[in-house]
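Read through the structure below, which is laid out as C-alpha cells, and then see the notes.
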Amino acid sequence: MIDKFRETFREEAEELLSQLEDVLLELETRPDDVELINAAFRAVHTIKGSAGMFGFEKAGRFTHDLENLLDACRSGLRAVDSRVIDLSLRARDKIRAMLAEADSSAPFDEEAQALMAEFRAAVEDGSQLSPPPGSGKAGSVKAGSVKAGSGTVGATSLSAGSGHGSSGADTGRTATMQPEATQTGADKPGFKAGTDETYRIVFEPAPEIFMNGTKVLKLIEELAELGTLSVVPAVEAIPPMDLLDPERCYVSWNAVLTTSSGINAIRDVFIFVEGASRVVIEHLDIPDEDGGRQKRVGEMLLERGLVRPEDLGEALKSQKRLGEVLLENKLLKPSDLESVLAEQAHIKHAQEHQHDTGAMSVRVASVKLDQLVDLVGEMVTLQARLTSSTSTLGDTTLSGIAEQLERLVSQLRDNAMSVRMLPIGSTFNKFRRVVRDLSSELGKDVELLTEGAETELDKTVIERLNDPLVHIIRNSLDHGVESPDDRRAAGKPPKGTVCLKASHSGAHVVIQVSDDGKGLDMDAIRRKATERGLIAPGEILSDADAGLLIFRAGFSTAVSVTSVSGRGVGMDVVKREIDSLGGTVSVETSAGVGSTISLQIPLTLAIIEGLLVRIADEHFVLPLSSVEACIELPDDAGQTSNGSRLLSYRGDLLPYVELRDAFAIQGTVPGFRQVVVVNSQEHKIGFVVDAVIGDYQTVIKPLGRMFKDVSGISGATILGDGTVALIIDFNRLAHSARAAQARSA
Amino acid sequence: MASKNIVQRIQLEKISGIDGVTDLARRIRDALANSNRIEFDLSAVVELELPAIQLLYAAAQSAVAAGGEASFAGPVQESVAARLLVTGFSKSLVRDGQVLQSRLPGFGAPGGRS
C-alpha cells in the first residue's frame, strides 16, 4: 500500500516540480514579483513536507535547504537574481533525480552537497542586500486573496467576523485567508492530497519559547499555507510594560483550518514545539449546507467550556446581543468570543465551498484511461458487427435497437476520447527550460514564444511529441539563430526568437517551430545531398523537398560538431517519430529570415472517423477528415507522357494514384470506379478505388512488427464482419507519387 | 524632564525579533518615563517577530493607562503588514502606519483588550 502512496506522491511531486520550473523561469523575467516568489516557495515547501512523509527523507532534507533560500527571497532578505534562479533550477532537477532514486537512505552525492553549500552561501551573501521593492513574505498576501467572514473582500476592507446567524457581538477580527493558493498552484488539479477537512487548532506557546530560537509567527504562517485559515490571537495576557518580561511569550491562538493536507501536515507544523507548548488539534464536522443546522454562538461557547450554563441562561434573557452581554459582564474573554465567531463564519464558508467544489476533478491513473479507450474500441468493433448482422437479418426491431446502440457507442467513444485530450501547453512549458539552458550554453540570447498552448491533443500523442520537438528546437537554436554579434551584423536585434505554435486543422494539430535565424542553406543542402548520393547530380529538387533532406539519417551540413548538434543525428529521429504518429513534416525557409518546421499530427491514435473503400475483395480506410470529395473516375483520366496520372477536377488537373496498382491487387477492374479526393500537405490528390462504401468508426490497431515498414499503410482495423481493413497512409502515398512525378518531369 | 505631552518616537530595527527585544523594551520604558504619548515607526522593519509585537501591545497599554496613547507613523512594509494579517493581529493589510492602530483590536486596551 505504501508503494501506491509513494507513487502518487511521485506523480504529484512531478507536477509540482514542473510548476516550479515554470514559476522560476517566469521569475527570471520578473524578479520582483512577490506572487511568483511565494508560488516557488510554496511548491518547494509542499514537496519538502510530503517527501519525508512518504520515505523520501533525503529529498526532504535537500529541499529544506532550497526552501531556506526561497524563504530568504520572499522575506526580502535576499534579492532574486540569476544566481538564485540558476541554483533553484539546478536544485529542482536534483530533487527530481532524488525522487526517482530507489534508495532514499544513500548519502548525498557530491552534486547535492555542493548545491546545499551554494544555497547556504547564497542566503548569507544575500542577507547583506536590501530587499527588492515590493518583496514580502507569505506573508505578502494579495488583497484579492484575503477573505473575511463569509465573503471575499478587498484587503483594506477586511471585515470582522460578524457572527452569521448568531446573536454574537461584532467585536472581533477574523482573517480568514488562503494566501495566494487559489491563484498559483494550491488549487490546481493534483495539488491536493485528499479532500478538504476542517480542524480546530489551539496553540498556546510555552512562555519560554523565544529562548530556543522558535519564530512563533512563522508557525502560524505555515499553518496558513496549508489551506484556508481563520485565526484569532489571544492578546489579553500581555501585561503592561512594567510587568512585562520581553523574553516571555504571552500570546496564544485559536484557529480553524480547512485543508486537504491532512492532520499530519498540521502536526508537522508544530513538531518542534509540541513538547513544551500546548497544541490541540480537533477535527470539525462540517454539516451539509442543506441538511445540517449551524451551531449557535451560545452552543459553541458551552461546548468549549468558555461560559457556564447559568451565565449563558442569564445573558440570553437580555435584549442585547449575547456576546456583548457576556463581555460587559466579564463572563467571557474577547478573544474567546472572537474565535467562536471566527469558527462559525469559517464553517459557513466551508459549507459553501463544499457546494462549489462538488464537481471537481478526479485523479485517474493514465493506464486506466488507456484501458477505457481500448474497451470502447472493442465496443465500437462489436457494435459494427451488430449493425452488419442486423442489416443481413432484416429484422426491423433489431435494426432499431442497433441504431440506438450505435448512437450511444458513438457518444461513449467521443467522451472516452475527450478525457484523454490534454492541452499541449504542458509540453510547451518544458521547452522554455530547454531554450534557456541551451541559449546560455551556446552564448546566444534566445526567447521562446508560444502560441496555442490550449490546443488539445491525445495524451499519447503529446508524450510522443516531446522528443521530436526537443530535437527541432535544439537544432533551431544551434543552427538557425545566429550569435548576437552575427545578428547585429545582419541588422537584426541581438535577441533571437523561437516560436512554438499549435493550432487545430480538422482532425489534425499543426505544430510549427519557427526561428528568425539565418534560414537553411539550400545550396549547401543540395551539395551535401549530391555528395552523399541522395540526389543525382544536376537533379532539380524543390526547396520544400530539399528542406526535407535534413531529416535524412546522418545528414548534416554543419561545419563543426557541437555538443548540441551537428552529427546529423536527431532530425531523422524526428521524421521517424512523426511518421509513426501518422503525421507529416514540412520545412519552409528563407535565407536570412528564418525557418519554420511544421508537424501535422493526428489528434488521436486510437479511434478515427474513416471512409471505408473497397478494391476487389480488399477493404481500406482513409481518414474521413482529410477527404474532400468522392467523384466518378472520368473516362478521359489517363497517363501523361511523363507517366503522371491526372484527371480534371473542378477546373484543375488533379494527380491521382491507382490504389489497385499501389498495393498490387489482382482481379477484374470494374467499369465504374470512384476517386477519393483528399487533402495531403496542402496539395490535393485522388485515390482510385473500386467502390466507396461509406463512413466508418475506425478503431486503429497497430500493425505487427512484420508489417510495420509496409509503405502506404499506417494501421489496420477490424470490420463488422470480422475481416480486416488496412488504413491507408495517404500522405506517404501522395509523397511517393509527387516524388515519382518530379523524377520523371 | 521633557513634557509628558511630547510624542516620543521610537524607530524599530529592520529585523525586530528576539535578539533586540531587551534593548527595545529599554527604549520604550525610557520613552514612557518621559511621555505618555508614544509613536512607533515601523518603516524600516522587514521582519517583525512576536516578542516585538508583544512590546508594542504592552507599551500601548501603559501609555493609555497613563492617560496617553501609542500610535504608528510612516509606511509599513508589505512583509510586516502581511504578517500581521496572516497571524490574525490585524483586520486588514495595512501599509499606512497611521491607520494601523485602528486595525489592531485590543491595542492599547488593558490586558490587551477593550
Side-chain angles (χ1 to χ4, degrees), chain A residues 34 74-77 131 134-141 143 146 148 153-160 171-175 177 179 205 210-211 213 215-217 220-221 224 229-244 246-251 253 255 333-335 338, chain B residues 14-15 17-18 20-26 28-29 31-33 38 46-66 77-96 99 103-107 109-114:
Chain A
V34 180
R74 74 181 188 143
S75 303
L77 299 175
S135 69
K137 291 187 82 86
S140 24
V141 186
V146 178
V153 296
T156 52
S157 62
L158 182 67
S159 64
T171 60
R173 76 211 111 117
T174 307
M177 56 182 312
F210 301 145
M211 302 318 293
K215 295 186 172 181
V216 178
L217 300 184
I220 306 296
E221 286 171 345
L229 180 73
S230 302
V231 63
V232 176
V235 294
E236 293 95 337
I238 301 175
M241 279 305 292
D242 50 339
L243 299 176
L244 181 108
E247 294 180 342
R248 191 179 172 86
C249 182
Y250 297 94
V251 180
W253 277 267
K333 286 197 299 178
S335 64
E338 278 179 44
Chain B
K14 180 178 173 183
I15 311 288
I18 187 68
V21 76
T22 309
D23 179 55
L24 179 61
R26 184 188 51 73
I28 293 172
R29 284 190 180 115
L32 285 169
I38 201 162
V46 292
E47 192 160 346
L48 186 65
E49 298 290 350
L50 184 57
I53 294 175
Q54 291 187 154
L55 274 181
L56 302 181
Y57 273 80
Q61 266 191 72
S62 297
V64 171
Q77 297 271 356
E78 189 179 343
S79 58
V80 172
R83 169 161 278 186
L84 290 171
L85 176 63
V86 174
T87 54
F89 284 100
S90 69
K91 295 168 72 171
S92 56
L93 193 78
V94 182
R95 303 290 308 274
D96 181 354
V99 183
R103 297 288 197 278
L104 295 175
F107 187 76
R113 290 283 163 176
S114 52

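Excluded from the calculations below are hydrogen atoms, water molecules and symmetry mates; all remaining heavy atoms, backbone and side chain alike, are included.
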Segment of [X] engaging chain A (4.5 angstrom heavy-atom cut-off):
X: Ala59(B); result: both
X: Leu84(B); result: neither
X: Ile15(B); result: side chain

- [ ] Quick one: list whatever passes side chain to side chain contact (heavy atoms under 4.5 Å, CB included) with Val21(B), sequence neighbours left out.
- [x] Pro246(A), Glu247(A), Ile18(B), Pro51(B), Leu55(B)
- [ ] Using the test salt bridge (Lys or Arg N to Asp or Glu O under 4.0 Å), find all partners of Asp23(B) that sit at least two apart in sequence or belong to another chain.
- [x] Arg26(B)
Task: Between Ser62(B), Ala63(B), Ala58(B), the one whose heavy-atom pairs under 4.5 Å with chain A are most numerous - done: Ala58(B)
Task: Salt-bridge contact Lys14(B)-Glu47(B) (side-chain N to carboxylate O under 4.0 Å) - done: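 Salt bridge flag = no for Glu47(B) with Lys14(B).
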Task: Leading residue by heavy atom contact count with chain B [cutoff under 4.5 Å; candidates Val216(A), Leu217(A), Val251(A)] - done: Leu217(A)
Task: Heavy-atom pairs under 4.5 Å with chain B, option from Cys249(A), Pro205(A), Gly213(A) with the top count - done: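 Result: the option with the highest number of such pairs is Cys249(A).
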Task: Trp253(A) side chain vs Thr87(B) backbone, donor-acceptor pair below 3.5 Å - done: yes
- [ ] Check the pair Met241(A) / Gln61(B) against side chain to side chain contact (heavy atoms under 4.5 Å, CB included), numbers first and verdict last.
- [x] CA-CA 8 Å; Met241(A) 279 305 292; Gln61(B) 266 191 72; over 6 Å; no
